[in-house]
K.L.:
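One structure coming up, written as structure tokens, with questions to follow.
Chain naming here is simple, since letters A, B, ... match the order of the sequence lines and numbering starts at 1 in each. Computed from a predicted structure; not experimentally measured. Because only heavy atoms are used, hydrogens play no part in the values below, and waters and symmetry mates are left out as well, while side chains stay in.
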Number of protein chains: 2
Amino acid sequence: MGPLDGYLPYLLNRAGARIATAFGEEVRPLGATLQTWRVLAALHERDGRRMGDLSETTSIEVSTLTRLVDNMEKKGLVARRRDAADARAVTLHATPAGRRMTRIILPIAERYEKVALEGFSETEATVLKTALRRLFDNMDGLRKS
Amino acid sequence: MGPLDGYLPYLLNRAGARIATAFGEEVRPLGATLQTWRVLAALHERDGRRMGDLSETTSIEVSTLTRLVDNMEKKGLVARRRDAADARAVTLHATPAGRRMTRIILPIAERYEKVALEGFSETEATVLKTALRRLFDNMDGLRKS
DNA sequence: TGCTATTATTTGCATTTACAAATAACTGGC
DNA sequence: GCCAGTTATTTGTAAATGCAAATAATAGCA
């Protein structure tokens with residue numbers, strides 16, 4: 001066990017990368033990608049989010065998100081709408097096809113959660129999640145000025 | 001707090017993304033990127049690794065790694081060498097310039113470890129790291145056949 | 001109201017990324 | 001020693017990514 005194995009960002013990245021890769025391969029046959037799933041999941045949590053909000057939530061850069069949403073719109077999964085209150089903003093909405101896709105992927109996502117946490121007690125899982133939220137908050141300070 | 005906040009892959013990804021972005025911005029002025037750092041760190045742990053080994057260690061896809069290494073070689077940070085024992089393989093070696101870069105970035109990486117784990121006790125940090133290793137191992141089963 | 005500064009999103013463009021196919025070299029069985 | 005199958009890396013190519021600039025619209029204030 002070298003120094004890397006004790007380095008948190010390393011452990012975090014490789015765990016995330018492994019889940020991401022496996023999940024991506026799983027949803028590809030369904031015509032989805034990990035990124036499209038992230039958007040759909042965010043809209044499932046709350047529909048009609050703005051682009052900027054979605055970017056924050058999904059950790060996808062706004063300019064990347066714009067083009068991702070272009071594709072999802074072409075596929076009929078989501079629809080853009082100009083925000084009535086603020087015409088600068090765009091809100092994104094899942095279409096029936098998008099919701100159908102969400103219903104298909106949701107159980108897969110749930111399975112991944114289970115597999116990832118196999119052998120963890122309820123408490124251990126909670127502790128881990130809490131730690132990840134703290135970690136996320138800790139990094140808030142160093143964000144782009 | 002919506003459903004996403006309880007979903008492990010989500011928490012994992014956003015924590016990783018935030019660290020990655022912040023770290024990337026930090027090393028950019030030094031002429032480095034997060035990915036080049038991953039390679040340098042892996043070589044710092046053990047020099048003369050093969051491409052495939054590096055790909056595993058850094059979670060960078062081999063074909064991506066090839067081109068990343070091309071760039072690093074052009075910048076004089078690393079050198080490829082044909083493996084004496086097995087001429088199919090290539091081993092990668094940090095050059096003096098590469099080691100110099102490593103010495104510069106290492107303290108930054110250490111600082112990030114500290115910031116990320118701010119407010120964590122020694123025990124909590126250890127528990128978290130152990131959990132991330134277990135999680136990584138748990139995903140081993142679903143890997144590409 | 002009209003102007004300036006700010007905010008939300010998109011677009012331009014060069015780089016990075018990843019799947020698949022190609023290349024190169026090894027291994028084991030004959 | 002030679003061939004078939006396997007392993008290590010690279011290359012082809014299309015798509016995804018991200019910074020910076022452009023566009024569009026709001027907000028505050030003189």
K.L.:
Quick one: closest heavy-atom pair of A:A131 and B:L128, and the distance?
P.N.:
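Heavy-atom minimum between the residues: CB-CD1, 4.0 Å.
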K.L.:
Give a yes/no on whether any side-chain N or O of A:N71 is located under 4.0 angstrom from OP1 or OP2 of D:dA15.
P.N.:
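No, outside the criterion.
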K.L.:
What residues form a salt bridge (Lys or Arg N to Asp or Glu O under 4.0 Å) with B:D83, not counting sequence neighbours?
P.N.:
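Scan of B:D83 (salt bridge (Lys or Arg N to Asp or Glu O under 4.0 Å), adjacent residues dropped) gives B:R50.
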K.L.:
How many Å lie between CG on A:L68 and C1' on C:dT11, as a whole number?
P.N.:
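So the CG-C1' distance, A:L68 to C:dT11, works out to 16 Å.
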K.L.:
Taking only residues two or more places apart in sequence or in another chain, which ones pass side-chain contact (heavy atoms from CB on, under 4.5 Å) with A:R99?
P.N.:
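With neighbours one apart ignored, the set is A:A94, A:P96, A:R103.
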K.L.:
Using a cut-off of 4.0 Å on non-hydrogen atoms, how would the nucleic acid contact of A:D53 be classed: base, sugar-phosphate, or nothing?
P.N.:
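Nothing, no heavy atom under 4.0 Å.
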K.L.:
Take A:R49 and A:R28, find for each the nucleotide of DNA chain C with the closest heavy atom, and name the residue whose nucleotide sits nearer the 5' end.
P.N.:
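Between the two, 5'-proximity favours A:R49.
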K.L.:
Roughly, in whole Å, what's the span from CD1 in B:I60 to C1' in D:dT10?
P.N.:
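B:I60 atom CD1 is separated from D:dT10 atom C1' by 16 Å.
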K.L.:
Once you round it to whole Å, what is the distance between P of C:dA8 and CE of A:M51?
P.N.:
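Going from CE in A:M51 over to P in C:dA8 covers 13 Å.
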K.L.:
Are there any protein N/O atoms within less than 3.5 Å of an N/O atom in nucleotides 1-5 of chain D, and if so, which ones and at what distance?
P.N.:
none

K.L.:
Among residues at least two apart in sequence or on other chains, which ones pass side-chain contact (heavy atoms from CB on, under 4.5 Å) with B:L106?
P.N.:
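Counting only residues at least two positions away or on another chain, B:L106 forms a side-chain contact (heavy atoms from CB on, under 4.5 Å) with B:W37, B:H44, B:E110.
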K.L.:
Using atom CG of A:L34 as one end and atom C1' of D:dA15 as the other, report the distance to the nearest whole Å.
P.N.:
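Distance, rounded to whole Å: 16 Å.
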K.L.:
So, using salt bridge (Lys or Arg N to Asp or Glu O under 4.0 Å) as the criterion, who are the partners of B:D70 when residues are at least two apart?
P.N.:
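B:D70 satisfies salt bridge (Lys or Arg N to Asp or Glu O under 4.0 Å) with B:R80 once adjacent residues are dropped.
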K.L.:
Salt bridge between A:R14 and A:D5, side-chain N to carboxylate O under 4.0 Å?
P.N.:
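A salt bridge is present here (some side-chain N lies under 4.0 Å from a carboxylate O).
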K.L.:
For A:A79, which residues count as a side-chain contact (heavy atoms from CB on, under 4.5 Å) partner, sequence neighbours excluded?
P.N.:
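Checked A:A79 against side-chain contact (heavy atoms from CB on, under 4.5 Å); matches are A:T95.
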K.L.:
Taking CD from A:E25 and P from C:dC19, how many angstroms apart are they, rounded to a whole number?
P.N.:
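About 7 Å, once rounded to whole Å.
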K.L.:
Please name all residues satisfying side-chain contact (heavy atoms from CB on, under 4.5 Å) with B:T57, sequence neighbours left out, ordered by chain then number.
P.N.:
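Listed in chain order: A:L4, A:Y10, B:A42, B:R49, B:D53.
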K.L.:
Rounding to an integer number of Å, can you tell me how far B:E61 CD sits from D:dT17 P?
P.N.:
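Answer to the nearest Å: 15 Å.
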K.L.:
Which residues in residues 76-89 of chain B have a heavy atom closer than 4.0 Å to any atom of DNA chain D?
P.N.:
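Under 4.0 Å from DNA chain D: B:R80, B:R88, B:A89.
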K.L.:
Around B:R82, counting heavy atoms of other residues, nucleotides and ligands shown, do more than 12 lie under 6.0 Å from its CZ?
P.N.:
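Yes, enclosed.
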K.L.:
Provide, to the nearest angstrom, the distance between the CD atom belonging to A:E56 and the P atom belonging to C:dA8.
P.N.:
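In whole Å, C:dA8 P and A:E56 CD are 11 Å from each other.
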K.L.:
Do any pairs count as a salt bridge (charged side-chain N to carboxylate O under 4.0 Å, His left out) and have a residue in residues 116-129 of chain B, sequence neighbours left out, and if so which ones?
P.N.:
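The answer is A:R134-B:E124, B:E113-B:K129.
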K.L.:
Would one find a side-chain N or O of B:Q35 under 4.0 angstrom from OP1 or OP2 of C:dT15?
P.N.:
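Checking C:dT15 against B:Q35, no side-chain N or O comes under 4.0 Å of OP1 or OP2.
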K.L.:
I need the CZ-P distance between A:R50 and D:dA25, as an integer number of Å.
P.N.:
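So the two atoms are 14 Å apart, to the nearest Å.
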K.L.:
Of all residues at least two apart in sequence or in a different chain, which pass the salt bridge (Lys or Arg N to Asp or Glu O under 4.0 Å) check with A:R88?
P.N.:
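Listed in chain order: A:D86.
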K.L.:
At a cut-off of 3.5 Å, list every protein nitrogen or oxygen paired with a nitrogen or oxygen from nucleotides 11-13 of chain D, distance to 0.1 Å.
P.N.:
residue: D:dG12; atom: N7; partner: B:R67; partner atom: NH1; Å: 3.4
residue: D:dG12; atom: O6; partner: B:R67; partner atom: NH2; Å: 2.5
residue: D:dT13; atom: O4; partner: B:R67; partner atom: NH1; Å: 3.2

K.L.:
Side chain to side chain donor-acceptor pair (under 3.5 Å) with B:S63: which residues, sequence neighbours excluded?
P.N.:
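B:S63 satisfies side chain to side chain donor-acceptor pair (under 3.5 Å) with B:E61 only.
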